[in-house]
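Letters go in sequence order (proteins before strands), and every chain restarts at 1. These figures come from a predicted structure and were not determined experimentally.
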There are 2 protein chains.
Amino acid sequence: MKKNAIINSTPVCQVRMQAISDAMSLLSGKWKFHILGTLIEGNTLGFMDLLREVNGIGTKMLSKELQDLEMNNLVSRTVKNTKPITVEYSITEYGKSLSPLIDELAKWGGAYRRSVYKKGKN
Amino acid sequence: MKKNAIINSTPVCQVRMQAISDAMSLLSGKWKFHILGTLIEGNTLGFMDLLREVNGIGTKMLSKELQDLEMNNLVSRTVKNTKPITVEYSITEYGKSLSPLIDELAKWGGAYRRSVYKKGKN
DNA sequence: GAAAGTAGTTTCCTGTTGGAAACTATCAAA
DNA sequence: TTTGATAGTTTCCAACAGGAAACTACTTTC
């Protein structure tokens, strides 16, 4: 008798797994959380501001990640009619809804780091 | 006058960003949350059980991801003295501490999916 | 003796991620 | 007119992630 999946075959689990995959695909990559976190703190920032704030990022990645985030409605981009033109990036209401998740991630990561430190592994 | 980072230069932000990076590096990849979620639900499972439960994963990735998770103390591996030998994988206490984070991720992902559905994008 | 179940490892290949550097284009100030 | 600030894009390249298939190795069942 061939065995089949039991746990993850339930509809509840399927939906949950799908939700996690969705979230992961929107938030994957090296820089998304850094950018989102910075915009949550800073409210409104220009491209060069972000380039300075997000430590280590380059123009290509910043540009690409901002496009991704804008496409998913987590960040808004507004071109100001100034000279020279400036662009304002800010977090959307929807983006703000990520705060609890970011907090949880920071909390867990911090606790993990402290536990490893205690054990003398680092 | 050359501008410098303001927001993310504060020690609080530095620590927070580091915590997020730590968590991300432990939990990155296509399969970690699926495996962890399955083990949280299923308590104790063998290699072949996991292969059946985690939809789409292959032996190579399962083996590699389990090694990663074991190394980071999120999953424990026990070889049983049976014939043929069986191996029991289970979630550690430390791994269980990820539950709130996984819940938050599933919650946000689910809400996102519903919001996109409402707007008719999908 | 062959098939099937246990638990993986190894090899080969492809697609994606991300970085460095150069480049475009506009405008203001010195 | 040269410098520097704005906001990016493009190209080229190296490294990593992940999948398919074959293989190892042991044991039990048919």
Among dG19(D), dA7(C), dT28(D), the one nearest any side-chain atom of Pro84(B) is dT28(D)

Lys30(B) has its side chain closest, among dG19(D), dT26(C), dG8(C), to dG19(D)

Comparing Gly56(A) with Ser28(A), nearest DNA chain C nucleotide closer to 5' gives the residue Ser28(A)

Taking dT9(D), dG19(D), dA7(D) as options, the one with an atom nearest any side-chain atom of Val87(A) is dA7(D)

Trp31(A) has its side chain closest, among dG19(C), dT6(D), dG19(D), to dG19(C)

Of dT6(D), dG8(D), dG18(D), the nucleotide closest to the side chain of Tyr89(A) is dG8(D)

Open item on the list: So, OP1 or OP2 of dA5(D): does either fall under 4.0 Å of a side-chain N or O from Arg52(A)?
Closed with: no

Judged by nearest nucleotide, the residue sitting upstream toward the 5' end of DNA chain C, Thr59(A) or Ile85(A), is Thr59(A)

Practice item. Given side chain to side chain contact (heavy atoms under 4.5 Å, CB included), test Ile91(A) with Leu74(A) step by step and report yes or no. Key: CA-CA 6 Å; Ile91(A) 193 95; Leu74(A) 301 175; 5.7 Å; no

note: Leu51(A), atom CG; dA7(D), atom P; distance rounded to Å ~ 10 Å

Of the listed dG19(D), dA7(C), dT6(D), the closest approach to the Phe47(B) side chain comes from dA7(C)

Here the distance between atom C1' of dA15(D) and atom CE of Met61(A), to the nearest Å, is 14 Å

Gln67(A) atom CD is separated from dA7(D) atom P, nearest whole Å, by 15 Å

Considering only heavy side-chain atoms of Thr86(B), the closest of dT27(D), dT6(D), dT6(C) is dT6(C)

Of dT9(D), dA20(D), dG19(C), the nucleotide closest to the side chain of Ser63(A) is dT9(D)

### Message
Just so I know, are the side chains of Asp49(B) and Ile7(A) near enough to count as touching, which here means a heavy-atom distance under 4.5 Å?
### Response
no

Regarding the side chain of Lys83(B), the nearest nucleotide among dC27(C), dT28(D), dA20(C) is dT28(D)

query: For Asn55(A), does the CG atom have more than 12 heavy-atom neighbours from other residues, nucleotides or ligands under 6.0 Å away?
result: no

Asp49(A) atom CG is separated from dA7(D) atom P, nearest whole Å, by 7 Å

Which of dC12(C), dG8(C), dA7(D) is nearest the side chain of Arg77(B)? It is dG8(C)

Margin query: Salt bridge check, Asp22(A) against Arg114(B): does any charged N sit closer than 4.0 Å to a carboxylate O?
Written below: no

Leu62(A) CG to dT17(C) P, in whole Å, measures 17 Å

